[in-house]
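This report refers to the structure that appears directly beneath it.
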2 protein chains.
Amino acid sequence: MAHCYCILLRKASRRVTSLYDEALAPIGVNLAQFSLLRNIQRAEPISLTDLGHRTELDRSTVSRNVKVLEKMELVAMTNGQDQRESAVQLSDKGRQVLTDGAPLWDGVQTEIEAKLGNEASAQLTALLQAL
Amino acid sequence: MAHCYCILLRKASRRVTSLYDEALAPIGVNLAQFSLLRNIQRAEPISLTDLGHRTELDRSTVSRNVKVLEKMELVAMTNGQDQRESAVQLSDKGRQVLTDGAPLWDGVQTEIEAKLGNEASAQLTALLQAL
DNA sequence: CCATAATGCGTGTATATACACGTTAAGCAT
DNA sequence: ATGCTTAACGTGTATATACACGCATTATGG
């Protein structure tokens with residue numbers, strides 16, 4: 001009988017995440033952190049709730065992941081519109097990490113595309129978005 | 001410029017995992033646990049190290065995940081060949097969970113195939129295995 | 001205006017996951 | 001046999017992730 005899509009997805013996810021993690025190691029962040037930084041950059045200052053929507057992550061997950069970035073001094077929390085809302089924005093160090101990480105990230109991306117081929121890469125993108 | 005394969009993978013992985021988790025909820029296990037039970041079933045009694053190889057998970061991860069299954073009384077630990085080795089095997093309750101879960105799992109699997117279509121499903125499988 | 005509902009967050013709890021370390025047990029070479 | 005190496009495991013530590021609760025703040029209906 002066929003393989004479980006979910007298990008295949010999870011395995012592929014772990015393997016590929018590991019590739020990106022290794023590539024990003026020199027700049028001291030992993031893929032999840034790098035991606036979160038990029039999402040912050042695209043909309044800063046941004047509330048944790050909005051960041052959760054953008055990343056498709058639970059708010060509490062975002063909250064904790066941001067806390068790690070804060071401890072690493074890559075982002076800073078500021079006050080939002082409300083008294084309840086707190087907004088995240090990049091620090092200079094965070095911006096530097098994004099700059100330094102871009103070519104590393106590109107390298108893995110290119111590597112994957114080379115391995116799969118252009119057509120398959122496009123198929124993969126479409127299929128993953130359809131799920 | 002394109003989307004990050006890794007992020008797409010991770011998002012898809014979370015979404016699809018959530019589908020299976022919901023479907024399996026009635027039997028009290030999540031997808032990761034159900035899958036681990038299946039892997040145990042295919043080779044029981046099996047050592048934690050071997051189980052790690054089969055599942056492509058770190059041994060320490062397997063160790064901890066098995067511990068949860070043990071607490072749920074779905075598996076039991078026995079002595080392996082060595083004094084060092086400990087082997088895992090299903091309990092009757094664990095076997096029952098696999099039996100009860102099979103149709104639930106099938107349902108999601110079928111649902112995904114219906115959504116993607118047969119051709120795309122096969123493509124997805126091939127692509128994920130190639131990664 | 002005030003009571004209630006909705007919003008935004010943090011924290012408790014739990015699982016999943018990996019890496020680094022240390023321990024114990026086997027295997028092997030001299 | 002003794003000592004070195006390898007194998008199997010557990011645990012400490014850390015991040016990622018989600019759900020349920022509870023608290024504070026804002027919005028809203030009457």
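Chain letters run A, B, ... following the sequence lines, proteins first, then strands; residues in each count from 1.
- Counting any heavy atom pair closer than 4.0 Å across all strands shown, B:Arg59 reaches a base atom.
- Checking the phosphate oxygens (OP1, OP2) of D:dT17, a side-chain nitrogen or oxygen of B:Arg10 falls inside 4.0 Å.
- Between B:Thr17 and B:Ser13 the shortest side-chain heavy-atom distance falls below 4.5 Å.
- Remark: C1' of C:dT17 and CG of B:Leu51 are 15 Å apart, rounded to the nearest angstrom.
- Both B:Ala87 and A:Ala32 lie close to DNA chain D; mapped to their nearest nucleotides by heavy-atom distance, the more 5′-ward contact belongs to B:Ala87.
- Side chain of B:Asn39 to main chain of B:Ser35: a donor-acceptor pair is present (N/O by atom type, distance under 3.5 Å, no hydrogens or angles).
- Interface remark: the A:Arg84 side chain does form a donor-acceptor pair with the C:dT7 base, using a distance-only criterion of under 3.5 Å.
- Listed by residue number, the members of residues 15-29 of chain B with any heavy atom below 4.0 angstrom from DNA chain D form an empty set.
- Nucleotide C:dT13 holds its P atom 13 Å from the NZ atom of B:Lys71, rounded to whole Å.
- Taking atom CD of residue B:Gln83 and atom P of nucleotide D:dG10, one finds them 13 Å apart after rounding to whole Å.
- In this structure, of C:dA25, C:dA18, D:dC9, it is D:dC9 that holds the atom nearest to the side chain of B:Thr49.
- The CG-P distance, from B:Asp82 to C:dT24, rounds to 16 Å in whole Å.
- For the OP1/OP2 pair of D:dT15 and a distance below 4.0 Å, the side-chain nitrogens and oxygens of A:Asn30 include no atom meeting the criterion.
- Contact between the side-chain N/O atoms of B:Lys67 and the OP1/OP2 oxygens of D:dT11 is found at a separation under 4.0 Å.
- One can place CD of A:Glu56 at 17 Å from P of D:dA16, the figure rounded to the nearest angstrom.
- Inspection of the B:Asp100 and B:Gln96 side chains reveals an N or O donor paired with an N or O acceptor under 3.5 Å.
- The side chain of A:Ser63 contributes no N or O atom lying less than 4.0 Å from OP1 or OP2 of C:dC9.
- Between A:Leu37 atom CG and D:dA16 atom C1' there is a gap of 15 Å when expressed in whole angstrom units.
- Side chain of B:Leu48, nearest nucleotide from C:dT17, D:dC9, D:dT17: D:dC9.
- Between atom NZ of residue A:Lys67 and atom CE of residue A:Met72 there is a gap of 15.5 Å, rounded to the nearest 0.5 Å.
- Between the C1' atom of D:dC9 and the CG atom of B:Leu57 lies a distance of 16 Å, rounded to the nearest Å.
- At the phosphate of D:dA16, OP1 or OP2 sits under 4.0 Å from a side-chain N or O atom of A:Gln33.
- Side-chain N/O atoms of A:Asn65 include none lying less than 4.0 angstrom from OP1 or OP2 on D:dT15.
- Between A:Arg64 and A:Glu70 there is no salt bridge, since no side-chain N of the basic residue sits under 4.0 Å from a carboxylate O of the acidic one.
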Discussion item. Before you tell me yes or no, could you show the steps for A:Val68 and A:Gln33 under side chain to side chain contact (heavy atoms under 4.5 Å, CB included), namely the whole-Å CA-CA distance, both residues' side-chain angles and the distance that decides it to 0.1 Å?
Written reply: CA-CA 9 Å; A:Val68 174; A:Gln33 294 165 343; 3.7 Å; yes

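- Looking at heavy atoms from C-beta onward, A:Leu124 lies in side-chain contact with B:Leu131 at the 4.5 angstrom threshold.
- Between B:Asp58 and A:Arg64, it is A:Arg64 whose nearest contact on DNA chain C lies nearer the 5' terminus.
- B:Ser60 contributes a side-chain N or O that forms a donor-acceptor pair with the base of C:dC19 under 3.5 Å.
- With a 4.5 Å cut-off on side-chain heavy atoms, B:Gln89 and B:Val75 do not count as touching.
- Among the nucleotides C:dG10, C:dT15, D:dA18, the one closest to any side-chain atom of A:Thr61 is D:dA18.
- Judged by closest nucleotide on DNA chain D, B:His53 is the one of A:Val68 and B:His53 placed further toward the 5' end.
- Distance A:Leu36 CG to D:dT17 C1': 13 Å, rounded to the nearest Å.
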